[in-house]
*Asks:* 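I have a structure I would like to understand better, so I am pasting it below and will then ask my questions one at a time.
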Amino acid sequence: MAGVLRVHVRPSAFVLPAREKRSFAVVGHDPQRLTSTETERGFRCEAGALSIDLVLDGFSFLIADASGRTLARALSIDGDARSKYPTPSHHAAVEFESPAGDAYLGFGEKVGPLDKRGLRFSFWNTDVMPHHPDTDPLYVSIPFFIGLRDGVAWGCFLDETWRSDIDVAMTEPDRVRWLSHGPELDLYFFAGPTIADVVRRYVALTGRAPLPPLWALGVQQSRWGYETETEIRGVVESARNAGFPFDVVYLDIDHQDAYRVFTVDRARFPDVAGLARDCAATGVRLVPIIDPALKLEDDYGVYRRAKERDLLVRTDRGDTLVGAVWPKPAVFPDFTREETRTFWAEEQRAFLDHGFAGIWIDMNEPSCFSVEPGPGDLVPHGLELREERDDPKTLPMGAMHGALRHREVHNVYGLCMAQATFEGLQSTRPDARPFVLSRAGYAGIQRYAAVWTGDNSSYWSHLELSMAMMLGLGLSGVAFSGVDVPGFLGAPTPELAARWAQLASFQPLLRFHSAKGTPYKEPWRLPEPHRSIARAACELRYRLLPYLYTCFEEASRTGLPVVRPLAMIAPDDREALVACDQLLLGDALLVAPVVRPGRTDRSVYLPRGQWLQWSSLRETTTLHEGGRRTLVEAPLDTVPVFLRAGEAVPLTEPALHTTSADWPSLTWHLHLAPEVRGALYEDAGDGHGSHRRTMLRGTYDGALRLVRTIEGHRASPREHDFLQLHGGPRPARVTGGRLLDDGRIALSGDELRVEW
Ligand code: MIG
């Protein structure tokens, strides 16, 4: 692929024989033709937009782009391998030069600010509850980062599923050191020059996210645990009675019969199919949780069949590994094998017949509370398998997935389970788009699932942190992400819950979720005025869906994230880089929610250009010149939002739930500027049928000339789109449309001219 260069190094090749590489992440690498020439100290290879200069004494290399600009300089590669029973121990590391001022973004699901310089992280999927603003590692591992030097971006992906540790100029201020616990380094470098270029290339390599069904972008309601069918009916009824729009209710582990996955407890849920039907009648879908571990019990069919077909993870000795999670004792399907994924899809098929719309997968790091008879005993002669870096909450490092050790495939267990779940949904219902929500993942997880950031807490600090986390995920290919609103653990004040709902309406995945033992956190249970504020936030979400859905369609085509850091439009602006308590939604909207208690104003950094204040998407008010900080009013019922100059954002009317993405009513909100543009993608909201893409393009120089082009064969359900102009006086004359009393223009043709 042009602009992508793979460097595969085996520093310990003299000890370990080469194995054929099986990548779990890479789906789209077509190697470029390399031309190589000798240089004084080594040789130089050129491929597409990138070149690499290798220095052979001591081994280092330099990556440059087509214009000769140095992107990365690897100062050293080192490695070590020793044979040690039962697996050899090894490591391989690369060290990059890191001049002061270089920034590092991405890294998948990580805490901390957007720029991770000065921090240190590990890639090792981990179930942590509770986690804190400095907890690392968490559930998802995406060993990828974007380097930023003087506004020019490059990318680096270490496609190693082993644990790896990266020191981002923390220990040594001018070095980035990345150490994998595997024997080799399979590195991909990506050319910029923009952040978007790097993300697009990374996503082309690791796979695009499919467009989710529209309903998955609606409000989702969850709690561990709604324990009975009656309770779920009550949830739906009280939400509807309180006028709260929503699309999804989740069933957490309490729906299962004694924690046997793919079963339903008949005493507490006597008629799930009936429940699903009744929910559907009010526009609500059911999404149950599925954990990977199977209860070891001979009369449990799923276990029996998995065992008979030899699909379970084994111990080092070769017998079935037995652990304990919610089901005790429990065994673990080996999702790294295709036959296990096929088996899973078959088991899931019957379960889906209850009328479930999607699947939520949890505990797939995998989480394992304890192992029988104890990891130390798994190895004969008292040899210890546990290592210093061992993780007590997962499988033993030496456990076997086919011929591979757990320590090598641990990080892809969740990805492979997501693949099984996704492909199962796809084969069961070829006419529907799958929706899978996963807790764990590895690079490429976007192909199969949305990701939520696990067990956060109802703290203001977690509300603030959620933005940098979603931004990091988005830059790492995961556009569809969300955090539990208003925090899984703990008890939010009504103020925190209201503020959280305000940010959440702009989150790619909007799910209310809370933990057993915490107070009920459904937004309609809030006292006034917080309840109305939360309801307004949910309504805003439904108004926003035409724009949001268009952003998702773009993400599925290009890989660009839905929520984006300011750095994407202002890569050489330090202030924009550090402002990660605010975000961009697509190209057009900047959202700066209040994330501190008691505040009724908000300091916002606006990048260069003009921004029209459009708080809570109500009226547009002040026009702000960017490139500086501004203090704006943000009383409790207000979330500061800004519309970027020249952008047109399509909105619809609030609704109680989604239906299709053929919006019955649609208004474009355009911020007048010399060049204007807007986009809208519409289709049935699910399935693989026809679509219609509307593009607005135009100029404004006292008069506005706007051209609308439509692509795709889908007919529009509307007679008119409306256009609302912002940032100018009331128009005097309109051709190609009709000026209405409320100041909007009903568009009648594909060419519009407005004069003042
Ligand atoms: O050990 O299924 O992160 O969202 O509600 C806890 C119960 C297991 C952890 C998930 C959380 C879910 C909970 N699960």
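As the structure is a prediction and not an experimental result, all values here were calculated from the model. Both counts, for ligands and for their atoms, begin at 1 and track the order of listing. Residues take their numbers from the sequence shown, with the count starting at 1. The figures here come from the full heavy-atom set of this structure, side chains too, leaving out hydrogens, waters and symmetry mates.
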*Asks:* Between Thr263 and Asp257, does any side-chain donor sit less than 3.5 Å from a side-chain acceptor?
*Replies:*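 Distance-only check fails for Thr263 and Asp257.
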*Asks:* Once the angle between the rings of Phe335 and Tyr413 is folded into 0 to 90°, is it parallel (under 30°), tilted (30 to 60°) or perpendicular (over 60°)?
*Replies:*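 The rings of Phe335 and Tyr413 stand perpendicular, inter-plane angle above 60°.
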*Asks:* How would you list, by chain and number, the residues with a heavy atom under 4.0 angstrom from ligand 1?
*Replies:*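 Residues near ligand 1: Trp224, Asp252, Ile253, Ile289, Trp326, Trp360, Asp362, Met363, Arg439, Trp452, Asp455, Phe488, His513.
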*Asks:* Short question: side chain of Arg439, backbone of Ile361 - any donor-acceptor pair under 3.5 Å?
*Replies:*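 Not a single qualifying donor-acceptor pair exists.
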*Asks:* Ring-plane angle category for His401 and His406, please: parallel below 30°, perpendicular beyond 60°, tilted otherwise.
*Replies:*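 Answer is parallel, since the angle falls under 30°.
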*Asks:* State, without any angle test, whether Arg314 and Thr320 hold a side-chain donor-acceptor pair at a distance under 3.5 Å.
*Replies:*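 Judged by distance alone, the side chains do not pair up.
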*Asks:* Just to verify, what does Ser466 make a side-chain contact (heavy atoms from CB on, under 4.5 Å) with, not counting sequence neighbours?
*Replies:*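 With neighbours one apart ignored, the set is Met470, Val483, Leu503.
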